[in-house]
Engineer: 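Just dropping this structure here.
Chain naming here is simple, since letters A, B, ... match the order of the sequence lines and numbering starts at 1 in each. Remember, predicted model here, so these are calculated numbers, not experimental data.
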There are 2 protein chains.
Amino acid sequence: MENKSQPKRPITSYDVARHAGVSQSAVSRCFKPGASISKATRAKVMKAATLLGYQPNAIAQGLITRRSNLVAVVISSLTNLYYPEVLAELTQRLAVHGVKVLLFSLSHESDVDLVLQQVWGYRVDGAIVAARLSPEQIRDFQKRGVPLVLYNRVEERAPCDSVCCDSAGGERQLVGSLLEAGHHHFGIIAGPVDSYVGEERVRSALECLATAGKRDIPVVRGEFDYQTGRAGFKSLVEQTGGKLDAVICANDLMAIGAVDAARHDFERDVPSEVSVVGFDGVGPATWLSYNLTTIRQPVRRMTEAAVTMLMARIADSSNPPERRLFSGQLLPGSSARFTT
Amino acid sequence: MENKSQPKRPITSYDVARHAGVSQSAVSRCFKPGASISKATRAKVMKAATLLGYQPNAIAQGLITRRSNLVAVVISSLTNLYYPEVLAELTQRLAVHGVKVLLFSLSHESDVDLVLQQVWGYRVDGAIVAARLSPEQIRDFQKRGVPLVLYNRVEERAPCDSVCCDSAGGERQLVGSLLEAGHHHFGIIAGPVDSYVGEERVRSALECLATAGKRDIPVVRGEFDYQTGRAGFKSLVEQTGGKLDAVICANDLMAIGAVDAARHDFERDVPSEVSVVGFDGVGPATWLSYNLTTIRQPVRRMTEAAVTMLMARIADSSNPPERRLFSGQLLPGSSARFTT
DNA sequence: TTGAAAGCGATACCAT
DNA sequence: ATGGTATCGCTTTCAA
């Protein structure tokens, strides 16, 4: 018995047509939602199709239709524990619309231009980008007519659709509570300069503190990860000679690093001796060992909004850019001393 | 001034050809690596191309070439903190080969068949799958001639390329050390039944224990996440009436949950009163608050192997299936009492 | 309802 | 080295 099944060449609609004794057009119609086709032919076709294992070539479809049903998702740092959740949500939601995700992750922010080349090449129906884009790059999307939604980024100089979590509002809650609880010696662990939300959060925190008359706050930079959070805490302690009772971190991962540094490297109790707050509300933030005081981004709603906006713009690109800002939710936690 | 830039229709090679005063074939050749074209024409073409912002239509290329330069990456639970790292590695490495990632994440394992439909439709050049596939599904790949590499899965009944981390070997180290250190009362927090590695790890752990004469080990199931790890610990304590000095978890996240449960829910010291071991070596495992005793999967080498194998099979599908097994590295940590 | 034929935007083979 | 032409697998008029 010859088990030489080598159907290298995928089944085409012609194969199905021949097998079903109908025209190729008929086959095509069977796979198009609102096509006019008789019950009889449809039956014949479907039978042949399933028998042969026929699946319409999405590539060919895309070529003729000019709709690839592909959406590019560009994420700079997948390693940031915040993004897996976002990515999972996005792919799932897009799938509902019959849209597939073409994933691009940047090793360096400088790769953006290379990535965009690919994006143009695949004639994606749209893109969701959580990475820094220059105004020119954004305008490139518009010039090419590729719908774009920025995720947790906005670019003043080139208006376009975006969904964000309100950094300023979040920090205001955090810093406000810290002030109210009587903290005096603040320190900030910022994110990398090229992070929009990172800078936004720090800017806002500093603003709140300034309003309360607190200036010259020491700021150190981290890379949004545990290690640099831990190192950042150390730097702050050194810079302040130990006079430090509140540390504001640009994200949860660094906050967690800071908490561990305080407890294990400096044997300072959190929150009685030093308060630490983060931002994002990632999974580990709620783990018992940390129980971080932070702002939880409404990821579900944000991803839903992003997908909705994108699909809307794909359907009709004429409407004006919209910026949607979601408030985060304060997770009180217990890494900061608050007066309730 | 009319700023009505609405080049809805993307630039094609014909546009470039016309603009450069050459044939469309010439344009095509300019974008093909080893094509024979004169310096002069190439220059003209490239000039026109960059001017118009031309980017070859990858969809059309794929249609005629029968190579989409697309690889499907199927991951069941992106929420498992282990996968973001894998995913980032994979996309980056595939990008090196000029291959783009079509990402599919499953909400339910039952979605696999739907996902596979999409995969067939896009005529991907290959697939890397970290999800449970039935033998029929695997054979479907072979029938359709789509190269496939399983990641941390193997299916005895349908041989195919795969890369795995040695679960048995890892558990042997872990359990061996626990036994050697004189632990007596073991408990296991297993993963979901449909996880290959989960079952493999538990099977192996039980085997090691049996060899040491330890039988009737209590086993509870979790979902590979923090919450169920914590709950699992509680269940074990209840089942054993508190006689428990070593907990073997099928992955790190559950181990972390178990550690927190021990410390915070039961006020038992880890590791002096109870040892906890995990598996994976995810980022949080090394955080100071946990410093988990676990097995670190060599993700870099594994993803590299997966990509290499896939590209090799894409280039030549005739070679026999290969199974590559990587040893994990013991991270001693301090969540388990070991004799050194 | 159905089939024939014209593209979609590239590649590849063929003469020139 | 260059241009003409068939082709990839589908959707979409257009007649019948």
Engineer: Before accepting this row, confirm whether a basic side-chain N of the pair A/E89/A/R301 lies closer than 4.0 Å to the acidic partner's carboxylate O.
Structural biologist: no
Engineer: If I take atom CZ in residue B/R67 and atom C1' in nucleotide D/dG9, what distance separates them, rounded to the nearest angstrom?
Structural biologist: 19 Å
Engineer: Within this structure, what is the CD-to-C1' distance between A/Q55 and D/dG9, rounded to whole angstrom?
Structural biologist: 13 Å
Engineer: Return the 5'-most residue of the pair A/N57, B/S38 with respect to DNA chain D, ranking by each residue's nearest nucleotide.
Structural biologist: B/S38
Engineer: Separation of A/N69 atom CG from D/dC10 atom C1', in whole Å?
Structural biologist: 14 Å
Engineer: Rounding to a whole Å, what distance do you find between A/K39:NZ and C/dT2:C1'?
Structural biologist: 18 Å
Engineer: Which is true for A/S13 with a 4.0 Å heavy-atom rule: it touches a base, it touches only sugar-phosphate, or it touches nothing?
Structural biologist: sugar-phosphate
Engineer: Whole-Å distance between C/dG9 P and A/Q61 CD?
Structural biologist: 16 Å
Engineer: Looking only at side-chain N and O atoms, does A/R93 offer a donor or acceptor that is under 3.5 Å from a partner on A/T303?
Structural biologist: yes
Engineer: State the CG-CZ distance between B/D125 and B/R67, to the nearest 0.5 angstrom.
Structural biologist: 4.5 Å
Engineer: Just by distance, no angles: are the side chains of A/T91 and B/S105 close enough, under 3.5 Å, to form a donor-acceptor pair?
Structural biologist: yes
Engineer: Minimum heavy-atom separation for B/V16 to B/V45, with atom names?
Structural biologist: CG1-O, 3.9 Å
Engineer: Less than 6.0 angstrom separating the ring centers of A/Y54 and B/W120, yes or no?
Structural biologist: no
Engineer: Quickly work out the A/F31 CZ to D/dG9 C1' distance and round it to whole Å.
Structural biologist: 13 Å
Engineer: Any salt bridge between A/E156 and A/R323, counting N to O under 4.0 Å?
Structural biologist: yes
Engineer: Would you jot down, in residue-number order, the residues of residues 44-54 of chain A having a non-hydrogen atom under 4.0 Å from DNA chain C?
Structural biologist: none
Engineer: Rounded to whole Å, please give me the gap between CZ in A/R123 and P in C/dG9.
Structural biologist: 8 Å
Engineer: With a 4.5 Å cut-off on side-chain heavy atoms, are B/P298 and B/C165 touching?
Structural biologist: yes
Engineer: Does the side chain of B/M46 reach to within under 4.5 Å of the side chain of B/R42, using non-hydrogen atoms?
Structural biologist: yes
Engineer: What does the list of N/O pairs under 3.5 Å between the protein and nucleotides 4-8 of chain C look like, with a distance for each?
Structural biologist:
{"unit_1": "C/dA4", "atom_1": "N7", "unit_2": "A/S25", "atom_2": "OG", "d": "3.3"}
{"unit_1": "C/dA4", "atom_1": "N6", "unit_2": "A/S25", "atom_2": "OG", "d": "3.2"}
{"unit_1": "C/dC8", "atom_1": "O3'", "unit_2": "A/R66", "atom_2": "NH2", "d": "3.3"}

Engineer: Tell me: CD1 of A/I37 to C1' of D/dT11, nearest whole Å?
Structural biologist: 13 Å
